[in-house]
Undergrad: 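My structure is below; once you've seen it, I'll send some questions.
Letters A, B, ... mirror the listed sequences (proteins, then strands); counts begin at 1.
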Number of protein chains: 2
Amino acid sequence: MIKAEALVKTYKMGRSIVRALDGVSLEVRDGEMLAIMGPSGSGKSTLMHILGCLDRPDSGTYFLAGRDVSRLPSNQLAEMRNRHIGFVFQTFNLIPRLSALENVELPLLYGGARRAKEKAKAALASVGLSDRIHHEPNQLSGGERQRVAIARAIVTEPAVILADEPTGNLDSKAGEEIIKIFTELNAQGRTIIIVTHEPDIASCCKRQILLKDGRKVKES
Amino acid sequence: MIKAEALVKTYKMGRSIVRALDGVSLEVRDGEMLAIMGPSGSGKSTLMHILGCLDRPDSGTYFLAGRDVSRLPSNQLAEMRNRHIGFVFQTFNLIPRLSALENVELPLLYGGARRAKEKAKAALASVGLSDRIHHEPNQLSGGERQRVAIARAIVTEPAVILADEPTGNLDSKAGEEIIKIFTELNAQGRTIIIVTHEPDIASCCKRQILLKDGRKVKES
Ligand SMILES: Nc1ncnc2c1ncn2[C@@H]1O[C@H](COP(=O)(O)OP(=O)(O)OP(=O)(O)O)[C@@H](O)[C@H]1O
Ligand SMILES: Nc1ncnc2c1ncn2[C@@H]1O[C@H](COP(=O)(O)OP(=O)(O)OP(=O)(O)O)[C@@H](O)[C@H]1O
Ligand SMILES: [Mg+2]
Ligand SMILES: [Mg+2]
């Protein structure tokens, strides 16, 4: 399902170069549940953005669902993304003027899905936010915004869910409920990749990889 | 130093009312290190914003450094805040077009401090970001942004540091380094209040309180 080879992503800052990804290869089979760990700044979000078709590598290849997406034009990249992937951003990236319900509905409306409002309500209920659906992001707590971002990522029932630190703002009980949701989605056959700093969460994943300075250093 | 009595903060949402704080009282002596825990949505950030002079309660009183700040006009509230408090926001709230160095310098410039650039560099070095000082927020990882927010809160050497979930985006090693910084500042006599979901962090604080549904339910 996912086959990334020798991904490189660098940023030029004046005269210095930041090697955010320095040749990362990763293969993930359908239905796997994988944790990505590593120090702050080690390249995890950069890798997730490439896997999520939100960014392109400078070099290397990335096959998603059998297609080489590393060189697709933006509109086709977006189409791959909408069709296959649900993404939970580390900084949530909710749309400020829309309510939680409207935020979660949006990917369904893009995909032309029916019963969008009903599905969005169900997704918000699954993350415990039934009584917050009309709040806008600035009327929500940090953990509530994080849970809206999670609901938005799962509402399209995607084949691949990429969650970048989905429990950083949640107490342990709410965090466990989120991992329960991901585990159930994985049991349905979906591929789940979670970036996390928390060992408890990583241990729920059958497989774990470690990034350091833009490289993969360990696999278990 | 800090004496809050019966703080109430409610939000009207159409016909319903959200009681974010439902009568919270809290006394913190100079030089204490306190952890505030509680479920997502229990009122922690709301309480911190009132303690940090960033918001006013609907009712109740709040004495900071001997003055009743609960009814001060905005400019005097800002002046109390700049003089006494360093605040680490749950969502960082960095200024997008400024570099990390400029972001951390800003509170010093407002206070008319000398050697602002030098102090800002030292604060960024203490959180391990010496090689990222010219990056803007969107050129930083989530954990790097969080550390810039921490550096900004400590650079003015305030009497009171309020940190709202300061390690949520950090790996355990970086998180420990942050707690070490707070512990050292506390040893210098500064008052530290940390909102956290992580028991390891809460246990570094001599005193812990628990919020639930806008009320204080436990104290240890
Ligand atoms: N502007 C607002 N309008 C309406 N409701 C609000 C507003 N701001 C906050 N709330 C609600 O008040 C409650 C308390 O919010 P607060 O941000 O203090 O929670 P918290 O304890 O910090 O949660 P978390 O751990 O998720 O950060 C939440 O349920 C939230 O939905
Ligand atoms: N646009 C950019 N320009 C320059 N440097 C960047 C840019 N974006 C990211 N970086 C740098 O690339 C490195 C990797 O960033 P990335 O966001 O992938 O880290 P991360 O592993 O997700 O960290 P965290 O755990 O803190 O979220 C960081 O050191 C960051 O400073
Ligand atoms: Mg990241
Ligand atoms: Mg909060």
Side-chain angles (χ1 to χ4, degrees), chain A residues 11-16 18 20 37-46 48 89-92 94 99 127-129 131-147 164-175 177-178 195-200 202 210-212 214, chain B residues 11-16 18 20 37-46 48 89-92 94 99 127-129 131-147 164-175 177-178 195-200 202 210-212 214:
Chain A
Y11 297 103
K12 284 199 190 52
M13 295 291 297
R15 282 189 226 149
S16 58
V18 177
M37 302 186 83
S40 172
S42 54
K44 304 180 298 298
S45 296
T46 304
M48 290 288 268
F89 291 86
Q90 185 171 8
T91 47
F92 321 150
L94 301 178
S99 69
V127 296
L129 288 179
D131 55 359
R132 291 286 184 273
I133 67 175
H134 298 303
H135 288 230
E136 291 179 6
N138 67 353
Q139 297 171 320
L140 292 169
S141 77
E144 290 166 346
R145 288 177 209 170
Q146 189 159 37
R147 284 183 276 159
D164 196 348
E165 300 193 35
T167 63
N169 282 282
L170 301 177
D171 53 283
S172 49
K173 180 155 172 295
E177 283 162 25
I178 295 308
V195 168
T196 183
H197 286 305
E198 302 184 41
D200 291 353
L210 187 67
L211 290 192
K212 193 175 195 295
Chain B
Y11 297 104
K12 284 198 188 53
M13 294 291 299
R15 280 188 226 151
S16 57
V18 177
M37 301 186 85
S40 173
S42 54
K44 306 179 297 298
S45 297
T46 305
M48 291 287 268
F89 291 86
Q90 186 171 8
T91 47
F92 321 150
L94 301 178
S99 70
V127 296
L129 288 177
D131 55 358
R132 290 286 181 273
I133 66 175
H134 298 303
H135 287 230
E136 291 179 6
N138 68 353
Q139 298 170 320
L140 292 169
S141 78
E144 289 166 349
R145 288 176 209 171
Q146 189 158 39
R147 284 182 276 158
D164 197 347
E165 303 197 26
T167 64
N169 282 283
L170 300 177
D171 54 281
S172 49
K173 180 156 172 296
E177 283 162 25
I178 296 307
V195 168
T196 183
H197 285 307
E198 300 183 44
D200 292 351
L210 186 67
L211 290 192
K212 191 175 198 296

Undergrad: With A/Phe89, which residues qualify under ring pair (Phe, Tyr, Trp, His ring centres under 6.0 Å), at least two apart?
TA: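 Checked A/Phe89 against ring pair (Phe, Tyr, Trp, His ring centres under 6.0 Å); matches are A/His49, A/Phe87.
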Undergrad: When only pairs under 4.5 Å are counted, which of A/Glu198, A/His135, A/Lys173 shares the most heavy-atom pairs with chain B?
TA: A/His135
Undergrad: Any sub-3.5 Å donor-acceptor pair from A/His197's side-chain atoms to B/Gly168's backbone N or O?
TA: no
Undergrad: Does A/Glu136 have any side chain to side chain contact (heavy atoms under 4.5 Å, CB included) partners at least two apart in sequence or in another chain, and if so, which?
TA: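 Checked A/Glu136 against side chain to side chain contact (heavy atoms under 4.5 Å, CB included); matches are A/Asn138, A/Gln139.
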Undergrad: Against chain A, label B/Ser45 side chain, backbone, both or neither, depending on which of its atoms sit under 4.5 Å from a heavy atom there.
TA: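 Contact with chain A involves no heavy atom of B/Ser45 at all.
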Undergrad: Measuring from A/Thr91:OG1 to B/Asn169:CG, what's the distance to the nearest 0.5 Å?
TA: 8.5 Å
Undergrad: Please find the pair of heavy atoms, one from A/His134 and one from B/Met13, that lie closest to each other, and give the distance.
TA: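 It is O-CE, 4.1 Å.
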Undergrad: Can you list the residues that meet the side chain to side chain contact (heavy atoms under 4.5 Å, CB included) rule with B/Ala174, with sequence neighbours excluded?
TA: B/Leu170, B/Asp171
Undergrad: Residues of residues 140-147 of chain B under 4.5 Å from chain A (heavy atom pairs)?
TA: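 B/Ser141, B/Gly142, B/Gly143, B/Glu144, B/Arg145, B/Arg147 fall under the 4.5 Å cut-off.
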